[in-house]
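Structure first, commentary second.
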2 protein chains.
Amino acid sequence: MARAATTTDVFNAIAEPRRREIIGMLSDGREHAVGDVVLHLRMPQPAVSKHLGVLRKVGVVTVSRRGQMRLYRLNAKELKPVHDWVKVYERFWTHQLDRIKIRAEQKMAERITRENQIGRDKEEK
Amino acid sequence: MARAATTTDVFNAIAEPRRREIIGMLSDGREHAVGDVVLHLRMPQPAVSKHLGVLRKVGVVTVSRRGQMRLYRLNAKELKPVHDWVKVYERFWTHQLDRIKIRAEQKMAERITRENQIGRDKEEK
DNA sequence: ACTTTATATTCCGTTATGGGAATATGTCAA
DNA sequence: TTGACATATTCCCATAACGGAATATAAAGT
């Protein structure tokens with residue numbers, strides 16, 4: 001196997017900086033035509049279409065037609081898995097207090113590890 | 001050009017499910033030997049070493065040596081960019097109130113778009 | 001019917017990816 | 001030193017990624 005397809009999950013989809021830019025442009029919650037994105041982000045049209053295609057397959061955007069244009073809209077709830085996943089690590093950089101707690105836990109854990117190690121050493125003797 | 005290297009930024013690094021698993025295992029803030037990861041996540045050792053290598057290059061983990069083993073520790077603050085980025089979209093799925101507000105904004109935006117469209121149609125006549 | 005206009009799709013080339021297997025490096029222990 | 005152990009690195013493979021250019025589709029306008 002090679003790499004997992006980008007159309008597989010959201011994490012892969014947002015790995016592309018340009019796709020994140022597109023998402024950012026859609027973050028106003030409004031519909032945007034492909035041409036808008038091309039203009040604002042100054043990307044070649046085929047690139048935009050492709051990236052939007054990826055985002056659509058993952059569900060991060062939805063499409064609707066209006067005349068000859070296609071209007072893309074952000075479906076942000078599909079980003080929730082990313083948020084949920086990374087939220088777990090928030091405590092590592094917020095709140096001095098948490099940081100102290102984490103430190104304490106680490107020290108404790110290390111001590112136990114050390115003691116276990118010593119215990120094992122003795123047994124092996 | 002192909003894709004940006006995974007070792008380039010965090011978003012690419014966490015795109016790999018297995019790497020997310022490894023990060024998850026390190027989320028206790030303690031040091032873990034490569035062998036621990038191999039055992040707990042049941043991945044072949046070279047795979048683990050490679051993934052840890054990627055995470056280290058991005059700065060998500062740090063290494064230290066203890067005897068013949070290398071102890072990896074999570075450096076979670078490197079995940080903050082991801083958190084910051086995705087936090088922007090939190091409002092889309094939390095709080096009924098926000099959702100209503102967003103809806104209202106959308107309707108309003110659509111009306112304006114529609115009116116502009118009509119305006120343009122008239123001018124072009 | 002023909003021509004713009006808007007968007008999608010296809011083809012191609014280069015490059016990186018992740019897995020597996022084998023091998024290298026480095027450390028401890030007898 | 002020799003050998004067991006822990007981890008890293010290398011090589012090869014199949015795959016898919018992006019970008020660019022060209023082309024296809026499709027809707028509107030004249």
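Note on naming: letters A, B, ... go to the chains in the order of the sequence lines (proteins, then strands), and numbering restarts at 1 for each one. Worth saying up front: this structure is predicted, and the values here are computed from it rather than measured.
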Return a table of donor-acceptor pairs under 3.5 angstrom between the side chains of residues 80-89 of chain A and protein atoms on other chains or two or more places apart.
residue, atom, partner, partner atom, Å
A:Lys80, NZ, A:Asp84, OD2, 3.0

Which residues share a side-chain hydrogen bond (donor to acceptor under 3.5 Å, both in side chains) with [X], sequence neighbours left out:
X: A:Gln45; result: A:Ser49
X: A:Arg18; result: none
X: B:His32; result: B:Asp28
X: B:Asn75; result: none

Next item on the list: Measure across B:Asn12 and B:Arg19 and return the closest heavy-atom pair with its distance rounded to 0.1 Å.
Entry: O-NH2, 3.6 Å

Checklist line | Contacting residues from residues 43-57 of chain A, given that a heavy atom lies under 4.0 angstrom of DNA chain C | finding: A:Gln45, A:Pro46, A:Ser49, A:Lys50

Check: Which residues satisfy the side chain to side chain contact (heavy atoms under 4.5 Å, CB included) test with B:Pro44, sequence neighbours excluded?
Finding: B:Pro46, B:Ala47

Next item on the list: Not counting sequence neighbours, which residues clear side chain to side chain contact (heavy atoms under 4.5 Å, CB included) with A:Leu39? List them please.
Entry: none

Next item on the list: Determine, for B:Asp36 against B:Arg30, whether the closest basic-nitrogen to carboxylate-oxygen distance falls under 4.0 angstrom.
Entry: no

Next item on the list: Output all residues satisfying salt bridge (charged side-chain N to carboxylate O under 4.0 Å, His left out) with B:Lys50, sequence neighbours left out; order by chain, then residue number.
Entry: none

Notebook entry, point to check: If we fit an axis to the first five pairs and another to the last five of the helix from C:dA1-D:dT30 to C:dA30-D:dT1, what angle do they make, to the nearest 10°?
Noted result: 10°

Check: C:dG26 C1' sits how many Å from B:Arg66 CZ, rounded?
Finding: 18 Å

List every contact pair, protein side and nucleotides 3-6 of chain C side both N or O, where the distance is under 3.5 Å.
residue, atom, partner, partner atom, Å
C:dT5, O2, A:Gln68, NE2, 2.6
C:dA6, O4', A:Gln68, NE2, 3.4

